[in-house]
Every structure is written in C-alpha cells, then in structure tokens.
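To start, the structure itself, in structure tokens.
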Amino acid sequence: MESSTNRLQKLNSGTPREAEQELLKCCGSRNWAQQMVAAREYRSQEELIASAERLWWSLAPRDWLEAFHSHPKIGEQKAAAETAVEAQRWSAAEQSGIRESAQQTLADLAKLNRDYEERFGYIFIVCATGKSSEEMLAILRQRLTNDPSEELRVAAAEQAKITELRLKKLLAS
C-alpha cells in the first residue's frame, strides 16, 4: 500500500492533466483544480490543504457553482456534472447517514431540496459526513431562511470542508 507521502509525490510529479483529474475528484471546479496544479509542489498534506483553502476563497462565485454541480443532491446518487467513480463512492459514503432514514424524512429532504434549488439556483451543499438525515434536514430548513448572498458563502464554506476531507481521502487511498 502506498503511503500518503508517496501519493503526494505522485500528485506533485504527475502531468498537469493527471494531477487535475485527481484534484477534480476532491472539488469539481476546473479553475480551482488548474490553480492547484499550477501551485505544485506541495511538501506536505498540510501545505496542500492550506493551498486548497486559499485558492478556493480566491475563486469567483461561478467557480463555486461549478463545484456544486459535481455533487448529487442529498439523498440522490447522481450529480448534475460528470464525476469520477472515486468521487461518486466518496459522495455515497459521505451521505451514508441517509441510508436508514424514515420515508417521511426522505420525502421532506426531496421537497426541501427542490425548494432550495428554486430559491438559490443551485443544489443544497452540506458536508454530510457524520450527519444523520434528520440533522441534514434541520440544516436545510435553517439555511432556506438565509438571504442569497449569505447562503452562497455558507454553501462555499461547506464545499471547502468537503474538499479538505476528500483531499485527505485522496492521499490515503
């Protein structure tokens, strides 16, 4: 099994296209992935994550929206944008709290997901790791009350959390 140091070296030494494809598994913004590739070489996981965070917050909202499209809606399997098989597996694992949900909770999530998308123009993004469906439903209800500019930043912050978790998974896989 490869160590995380070896996987980081592989990310650093791969072709730009190979590195971009790996990074897109963690965050679906092409601009972010290209900037991450351009910022190589990363000496540690901490440096990689710090760069990911810094570059994420330097992006335009259109780049954030592109990243959001790489996620399935909470409770669904397929994202709007094409994603790598590994990213699909990670997403399913992240949403594992939904598997044992009551039918009413699933129905409420589906309805509120639609309401959210109608209100804000993009899917509800939450770092679902470790959260039950009831917790996600409560978060969704609360976030529906945000104004659009506030909510975009909240959603972007959730994407940043997801990206960090996935970068760690990428180095651990």
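Worth saying up front: this structure is predicted, and the values here are computed from it rather than measured. One-based numbering along the sequence shown. Hydrogens, waters and symmetry mates play no part in the numbers below; they use all other heavy atoms, side chains included.
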Under the side chain to side chain donor-acceptor pair (under 3.5 Å) test, residues paired with Q34 that sit two or more places apart: none
Any [X] side-chain heavy atom under 4.5 Å of [Y] side chain:
{"X": "F124", "Y": "L109", "result": "no"}
{"X": "N113", "Y": "I123", "result": "no"}
{"X": "C27", "Y": "Q159", "result": "yes"}
{"X": "H71", "Y": "E158", "result": "no"}
{"X": "T163", "Y": "W32", "result": "yes"}
{"X": "N12", "Y": "L8", "result": "yes"}
{"X": "T129", "Y": "I162", "result": "no"}
{"X": "K25", "Y": "E22", "result": "yes"}

Heavy-atom closest contact ([X] atom, [Y] atom, distance):
{"X": "Y122", "Y": "F68", "answer": "CD1-CD1, 3.6 Å"}
{"X": "Q35", "Y": "S58", "answer": "OE1-OG, 3.9 Å"}
{"X": "A19", "Y": "R40", "answer": "CB-NH1, 3.4 Å"}
{"X": "L59", "Y": "S29", "answer": "CD1-OG, 3.7 Å"}

Which distance, rounded to the nearest 0.5 Å, do you find between the [atom1] of [X] and the [atom2] of [Y]?
{"X": "N146", "Y": "R119", "atom1": "CG", "atom2": "CZ", "answer": "7.5 Å"}
{"X": "T145", "Y": "E151", "atom1": "OG1", "atom2": "CD", "answer": "8.5 Å"}
{"X": "C26", "Y": "L171", "atom1": "SG", "atom2": "CG", "answer": "8.0 Å"}

All ring pair (Phe, Tyr, Trp, His ring centres under 6.0 Å) counterparts of F120, not counting sequence neighbours: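 Residues passing ring pair (Phe, Tyr, Trp, His ring centres under 6.0 Å) with F120: Y116.
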Salt bridge (Lys or Arg N to Asp or Glu O under 4.0 Å) pairs, two or more places apart, involving residues 104-114: D108-R141, K111-D115
Verify same cluster id: L140, V154 (apolar side-chain graph, 4.5 Å): no
Carboxylate-amine/guanidinium contact K161 E164, below 4.0 Å: no
